[in-house]
K.L.:
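I'd like to ask you about the structure that follows.
Sequence lines set the chain letters: A, B, ... in the order given, protein chains first and strands last, and positions in each chain run from 1. This one's a predicted model, so the numbers in the text were calculated from it and none came from an experiment.
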Amino acid sequence: MRRANFRTSNISCVNQLNRTTSCSYSSQSQEDSVRKRPVRKTFLKSSNNDDLITDLCKHNKFKEAIDILCNQRRLKEALQILHQISHPSPSIYSSLIQFCRQNRALEEGKKVHSHLKSSGFKPGVFISNCLLDMYAKCGNISDAQTLFDEMQERDVCSYNTMISGFTKGGSLEQARNLFDEMPQRDNFSWTAMISGYVRYNQPIEALDLYRMMQNFENSVSNKFTLSSVLSAVSAIQCLRLGKEIHGYIMRTGFDSDEVVWSALSDMYGKCGSINEARQIFDKMVDRDVVSWTAMIGRYFQEGRREEGFALFSELIKSGIRPNAFTFAGVLNACADHAAEELGKQVHGYMTRIGYDPYSFAASALVHMYSKCGNVENSKKVFNGMPRPDLVSWTSLIAGYAQNGMPDKALEYFELLLKSGTQPDHIVFVGVLTACTHAGLVDKGLQYFHSIKEKHGLTYTADHYACIVDLLARSGRFHEAEDVISKMPMKPDKFLWASLLGGCRIHGNLDLAKRAAEALFEIEPENPATYVTMANIYASAGKWSEVASIRKLMDDRGVVKKPGLSWIEIQRDAHVFLVGDTSHPRSKEIHEFLGKLSKRMKEEGYVPDTNFVLHDVEEEQKEQNLSYHSEKLAVAFGIIATPPGTTIKVYKNLRTCVDCHTAIKFISKIAKRKIVVRDSSRFHSFEDGNCSCRDYW
DNA sequence: GTAGGGTTAG
């Protein structure tokens with residue numbers, strides 16, 4: 001019956017609609033019965049409106065018909081109706097143009113424009129402004145510019161539209177030129193220009209303009225202005241100014257909304273006042289997933305892990321669904337803090353709600369597992385990704401490199417090349433690190449040369465630091481020096497620190513002095529240089545030099561960073577400092593360490609006291625060593641977990657030689673696999689051996 | 001009389 005209705009329609013464009021619909025209906029083959037039902041459903045649904053549209057057109061109510069079609073996003077059909085009308089009204093044009101703008105339908109918008117020109121319609125300033133905005137929003141600023149130049153009459157809105165357009169795929173300079181030359185400005189003009197500067201990362205200019213605006217009559221900042229201005233304040237981290245604006249908002253608070261609160265919270269967060277950021281966040285009524293994710297991320301940035309994770313749990317409870325950004329943020333924090341158990345829970349949650357294996361949250365999982373030393377899981381997640389991105393490849397390769405499986409790292413790098421993915425400069429850092437950890441000097445050099453010769457990439461300072469690390473660790477100092485003398489950029493602190501590390505291993509005092517001098521110049525505040533240098537002198541028995549280094553540290557007010565280790569047991573992090581006795585089970589831990597010490601000596605352990613900063617009696621040195629934070633954490637791990645459980649300990653600094661030797665013995669005596677992630681790599685101890693093959 | 005301006009997340 002409805003089809004019959006179509007056939008009687010005398011509006012040709014609607015007949016065309018009819019043909020399209022009935023064609024798709026009748027073209028279905030017999031065997032296609034499964035698909036038949038849904039198509040029929042659509043047919044019935046749309047036919048209702050089609051009747052109405054036919055009817056409206058019959059009664060010359062074209063505007064209404066076009067509005068219905070536009071609302072159903074049937075722009076092509078709306079255009080067909082336009083072509084049937086001899087003299088379309090301005091409101092028909094404005095409707096169509098605005099729908100094209102909303103739907104970013106540039107092609108259709110252009111058709112309306114050309115129809116308008118060919119029909120001889122002379123658009124007023126309103127329709128022209130609509131066209132300007134349509135072009136600007138569709139990213140076609142050049143057509144907007146052409147039209148703007150042709151316009152006989154322009155009003156403040158025409159200028160504002162162009163300014164806004166220029167500040168978005170256009171140029172800030174052109175926007176500012178228009179802003180300066182326009183005859184009069186209103187709030188829209190000021191806000192468009194200010195937000196443009198913010199968007200182009202020019203916060204100072206944005207704030208200068210805001211100050212100008214305040215001195216300007218008839219322009220009062222509102223919620224639109226303030227949210228942009230707050231963003232500028234965040235960028236320059238000026239808390240004083242931010243507080244001033246906060247005060248202004250409080251005084252005129254009627255005009256603010258969630259967007260302003262969000263910007264205000266962000267301002268406090270970026271200016272380091274995280275508690276105030278949280279207070280504002282708590283007062284917000286319509287907190288969306290973005291504001292939640294931002295607030296959680298602020299905690300992690302500040303190193304306030306517990307609060308970050310707590311807020312994440314609140315988010316889950318709130319019923320708002322976290323998205324890929326949220327997961328990636330939390331997982332990266334888990335990676336940084338080696339919170340594997342928590343990371344696993346997040347992974348479980350993601351699996352339950354069905355995460356998208358194509359999204360960057362999946363690569364964050366790969367990263368998290370790699371950083372937690374669980375390369376097996378890292379690989380599992382990686383294998384589940386239909387199209388692993390370069391971040392995932394890099395995480396997995398770096399994970400293998402750092403976890404004592406450099407061969408696997410290189411194997412995956414070769415797979416990456418075979419997959420046709422173009423490697424970038426970052427993945428090569430992982431590759432070179434793998435070679436360093438495996439002691440594969442010549443292979444590393446080959447990869448190094450391939451970066452430029454085979455892959456056409458530009459060397460970065462990181463690549464040079466890696467290659468110097470590779471050479472210095474294996475004692476090839478002449479080659480290392482040769483690389484340094486020929487590199488195109490100034491060696492950075494990472495390179496010098498690598499060189500110094502190599503000198504420490506091989507006792508190269510002269511070169512160590514040179515590296516340390518360079519480091520003292522670049523970062524005199526870093527205690528690591530002083531400590532390493534003192535240790536090198538101590539190994540050489542040069543105690544007066546050790547003392548002078550210590551004096552230098554004192555004179556410059558450099559404080560040694562305390563060694564800190566932690567272990568996660570049932571999602572709680574237990575943190576240990578050097579010689580720590582604050583843990584509730586401290587007495588047990590020390591007793592256990594005492595027993596272990598005895599067994600270790602029976603097995604042949606000799607404390608290595610070389611790497612101690614202080615020049616003290618041997619027995620005292622031994623005492624110091626037994627209190628190192630990683631030993632405390634390992635001991636606690638053993639007494640706090642069932643036999644056979646793998647112990648995972650994390651240390652903020654590099655593990656010392658003595659602890660390394662001691663933990664090898666402990667792994668054998670306690671029959672435990674012990675994984676220690678220090679500031680540069682993983683050590684996986686098992687049955688008296690370490691995955692790093694004592695090369696780190 | 002219409003239209004033109006905004007923040008926060010890996």
Side-chain angles (χ1 to χ4, degrees), chain A residues 90-91 93-95 97-98 101-102 124-134 136-137 144 154-168 175 178-179 182 185-196 198-199 206 213 219 221-235 255-270 277 280-281 284 286-301 308 312 315 322-336 359-365 367-368 389 391 395:
Chain A
S91 65
Y93 280 126
S94 69
S95 265
I97 298 165
Q98 283 174 50
R101 184 207 61 184
Q102 273 169 15
V125 67
F126 171 62
I127 298 279
S128 298
N129 286 349
C130 288
L131 280 167
L132 282 184
D133 200 35
M134 184 275 295
K137 292 283 192 305
R154 298 170 191 151
D155 62 6
V156 63
C157 185
S158 327
Y159 280 92
N160 291 345
T161 308
M162 288 306 292
I163 290 170
S164 158
F166 278 130
T167 61
K168 286 160 190 162
L178 276 186
F179 179 84
M182 65 195 292
R185 305 182 192 102
D186 63 9
N187 280 352
F188 286 84
S189 335
W190 288 99
T191 309
M193 201 60 232
I194 290 171
S195 68
V198 174
R199 198 170 298 125
M213 178 187 180
S219 52
S221 47
N222 56 22
K223 60 185 179 183
F224 295 97
T225 333
L226 290 170
S227 37
S228 284
V229 169
L230 280 168
S231 174
V233 174
S234 310
D255 197 24
S256 67
D257 65 358
E258 296 300 296
V259 173
V260 175
W261 293 122
S262 194
L264 195 59
S265 177
D266 187 54
M267 181 279 293
Y268 276 116
K270 296 238 169 84
I280 288 161
F281 173 82
M284 285 165 62
D286 280 328
R287 289 174 294 185
D288 63 3
V289 65
V290 180
S291 22
W292 277 95
T293 307
M295 189 66 227
I296 294 167
R298 277 172 214 137
Y299 279 123
F300 291 140
Q301 270 161 20
F312 176 67
L315 166 65
N323 62 18
F325 283 98
T326 327
F327 290 132
V330 173
L331 289 170
N332 284 337
C334 290
D336 287 344
S359 85
F360 53 75
S363 58
L365 273 174
H367 175 68
M368 183 274 292
D389 59 2
V391 174
S395 297

K.L.:
Is it true that A/Ser164 and A/Lys168 share a donor-acceptor pair across their side chains at a distance under 3.5 Å?
P.N.:
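Per modelled atom types, A/Lys168 and A/Ser164 side chains form a pair under 3.5 Å.
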
K.L.:
Any idea which of B/dT7, B/dG10, B/dA3 is nearest the A/Gln301 side chain?
P.N.:
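Shortest atom-to-atom distance from the side chain points to B/dG10.
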
K.L.:
What nucleotide, of B/dT7, B/dG10, B/dA3, holds the atom closest to the side chain of A/Asn129?
P.N.:
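Shortest atom-to-atom distance from the side chain points to B/dA3.
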
K.L.:
Can you say whether a donor on the side chain of A/Asn323 sits under 3.5 Å from an acceptor on the base of B/dA9, or the other way round?
P.N.:
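When only heavy-atom distances are counted, A/Asn323 does reach the base of B/dA9 through a donor-acceptor pair under 3.5 Å.
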
K.L.:
Between B/dG10, B/dG5, B/dA3, which nucleotide gets closest to the side-chain atoms of A/Phe325?
P.N.:
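Side chain of A/Phe325 sits closest to B/dG10.
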
K.L.:
Does A/Ser195 put a side-chain nitrogen or oxygen below 4.0 Å from OP1 or OP2 of B/dT7?
P.N.:
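No, no such contact exists.
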
K.L.:
Answer yes or no: does a side-chain N or O of A/Thr326 lie under 4.0 Å from OP1 or OP2 of B/dA9?
P.N.:
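No, because none of the side-chain N or O atoms of A/Thr326 sits under 4.0 Å from OP1 or OP2 of B/dA9.
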
K.L.:
Provide, to the nearest angstrom, the distance between the CZ atom belonging to A/Phe360 and the C1' atom belonging to B/dA9.
P.N.:
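Result: 8 Å.
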
K.L.:
Distance check needed: B/dT8 C1' versus A/Met284 CE, whole Å only.
P.N.:
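After rounding, the reported distance stands at 8 Å.
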
K.L.:
Using a cut-off of strictly less than 4.0 Å, decide whether A/Lys223 has a side-chain nitrogen or oxygen near OP1 or OP2 of B/dG5.
P.N.:
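False: A/Lys223 side-chain N/O out of range (4.0 Å or more) of B/dG5 OP1/OP2.
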
K.L.:
Looking only at the side chain of A/Val290 (C-beta and beyond, no hydrogens), which of the listed nucleotides B/dT8, B/dG10, B/dG5 gets closest?
P.N.:
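Nearest listed nucleotide: B/dT8.
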
K.L.:
In this structure, is the centre-to-centre distance between the rings of A/Phe179 and A/Trp190 below 6.0 Å?
P.N.:
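Close enough - the centres of the two rings lie under 6.0 Å apart.
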
K.L.:
Could you check if a side-chain atom of A/Arg298 sits within less than 4.5 angstrom of a side-chain atom of A/Asp266, using non-hydrogen atoms only?
P.N.:
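The answer is yes, as the side chains (C-beta and beyond) meet within the 4.5 Å cut-off.
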
K.L.:
Rounded to whole Å, how long is the line connecting atom CE of A/Met213 with atom C1' of B/dG6?
P.N.:
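Going from A/Met213 (CE) to B/dG6 (C1'), I get 12 Å.
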
K.L.:
Looking only at atom types and distance, does a side-chain atom of A/Ser262 sit under 3.5 Å from a main-chain N or O of A/Val259, one as donor and one as acceptor?
P.N.:
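No, A/Ser262 side chain to A/Val259 backbone: no donor-acceptor pair under 3.5 Å.
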
K.L.:
Give A/Cys157 one of three labels, base, sugar-phosphate or nothing, depending on what nucleic acid heavy atoms sit under 4.0 Å from its own.
P.N.:
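Touches a base.
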
K.L.:
Counting distance only, does the side-chain N/O of A/Asn222 pair as donor-acceptor with the main-chain N or O of A/Thr225 below 3.5 Å?
P.N.:
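Yes, the answer is positive, given that a donor and an acceptor are paired below the 3.5 Å cut-off.
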
K.L.:
State whether A/Lys137 places a side-chain N or O below 4.0 Å from either non-bridging phosphate oxygen (OP1 or OP2) of B/dG5.
P.N.:
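True: A/Lys137 side-chain N/O within range (under 4.0 Å) of B/dG5 OP1/OP2.
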
K.L.:
Rounded to the nearest angstrom, tell me the gap between atom CH2 in A/Trp261 and atom C1' in B/dG6.
P.N.:
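Rounding to the nearest Å, CH2 of A/Trp261 and C1' of B/dG6 are 15 Å apart.
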
K.L.:
For A/Thr161 and A/Cys157, indicate whether the former's side chain and the latter's backbone hold a donor-acceptor pair under 3.5 Å.
P.N.:
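Between the backbone of A/Cys157 and the side chain of A/Thr161 there is a qualifying donor-acceptor contact (under 3.5 Å).
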
K.L.:
Record whether the side chain of A/Asn222 comes under 3.5 Å of the base of B/dG5 through a donor-acceptor pair of N or O atoms.
P.N.:
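Indeed, a donor on one side and an acceptor on the other fall under 3.5 Å apart.
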
K.L.:
Check the geometry between A/Phe224 and B/dG6 and answer yes if their rings are stacked (centres below 5.5 Å, planes below 30°), otherwise no.
P.N.:
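Stacking is absent between B/dG6 and A/Phe224, given that the ring centres and planes do not meet under 5.5 Å and under 30°.
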
K.L.:
Atom OG1 of A/Thr191 and atom CG of A/Asp186: how far apart are they, to the nearest 0.5 Å?
P.N.:
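It is 8.5 Å, given to the nearest 0.5 Å.
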
K.L.:
In whole angstroms, how far is the P atom of B/dT8 from the CG atom of A/Leu226?
P.N.:
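Rounding to the nearest Å, CG of A/Leu226 and P of B/dT8 are 14 Å apart.
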
K.L.:
Could you tell me whether A/Ser291 contacts a base, only the sugar-phosphate backbone, or nothing, with contacts defined as non-hydrogen atoms closer than 4.0 Å?
P.N.:
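If one applies the 4.0 Å heavy-atom cut-off, A/Ser291 turns out to touch a base.
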
K.L.:
Between the base of B/dT7 and the side chain of A/Ser227, is there a donor and acceptor pair under 3.5 angstrom?
P.N.:
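By the distance-only test, no, there is no pair.
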
K.L.:
When the distance from OH of A/Tyr93 to C1' of B/dA3 is rounded to whole Å, what number comes out?
P.N.:
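Interatomic distance, OH of A/Tyr93 to C1' of B/dA3: 19 Å.
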
K.L.:
Using a heavy-atom cut-off of under 4.0 Å over every strand shown, decide if A/Val198 touches base, sugar-phosphate, or nothing.
P.N.:
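No contact at all - A/Val198 keeps every heavy atom at 4.0 Å or more from the nucleic acid.
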
K.L.:
Does A/Ser164 make a side-chain N or O approach to OP1 or OP2 of B/dG5 shorter than 4.0 Å?
P.N.:
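For B/dG5, OP1 or OP2 has a side-chain N or O of A/Ser164 closer than 4.0 Å.
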
K.L.:
Please state how far atom NE2 in A/His367 lies from atom P in B/dG10, giving the value in whole angstrom units.
P.N.:
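So the two atoms are 13 Å apart, to the nearest Å.
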
K.L.:
Can you tell me whether the side chain of A/Ser228 and the base of B/dG6 have a donor-acceptor pair closer than 3.5 Å?
P.N.:
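There is none.
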
K.L.:
Can you identify which nucleotide, out of B/dG10, B/dT8, B/dT2, has its nearest atom closest to the A/Ala328 side chain?
P.N.:
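For the A/Ala328 side chain, the nearest candidate turns out to be B/dG10.
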
K.L.:
Indicate whether OP1 or OP2 belonging to B/dG6 is found under 4.0 Å from a side-chain N or O atom of A/Arg199.
P.N.:
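For B/dG6, OP1/OP2 do have a side-chain N/O of A/Arg199 under 4.0 Å.
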
K.L.:
Using atom CE of A/Met267 as one end and atom P of B/dT8 as the other, report the distance to the nearest whole Å.
P.N.:
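That distance rounds to 13 Å.
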
K.L.:
OP1 or OP2 of B/dT7 less than 4.0 angstrom from a side-chain nitrogen or oxygen of A/Lys270, does that happen here?
P.N.:
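Checking A/Lys270 against B/dT7: no side-chain N or O falls below 4.0 Å of OP1 or OP2.
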
K.L.:
Just to be sure I understand the rule, does A/Val391 reach a base, reach only the sugar-phosphate, or reach nothing, if contact means heavy atoms closer than 4.0 Å?
P.N.:
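A/Val391: no heavy atom of the nucleic acid under 4.0 Å.
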
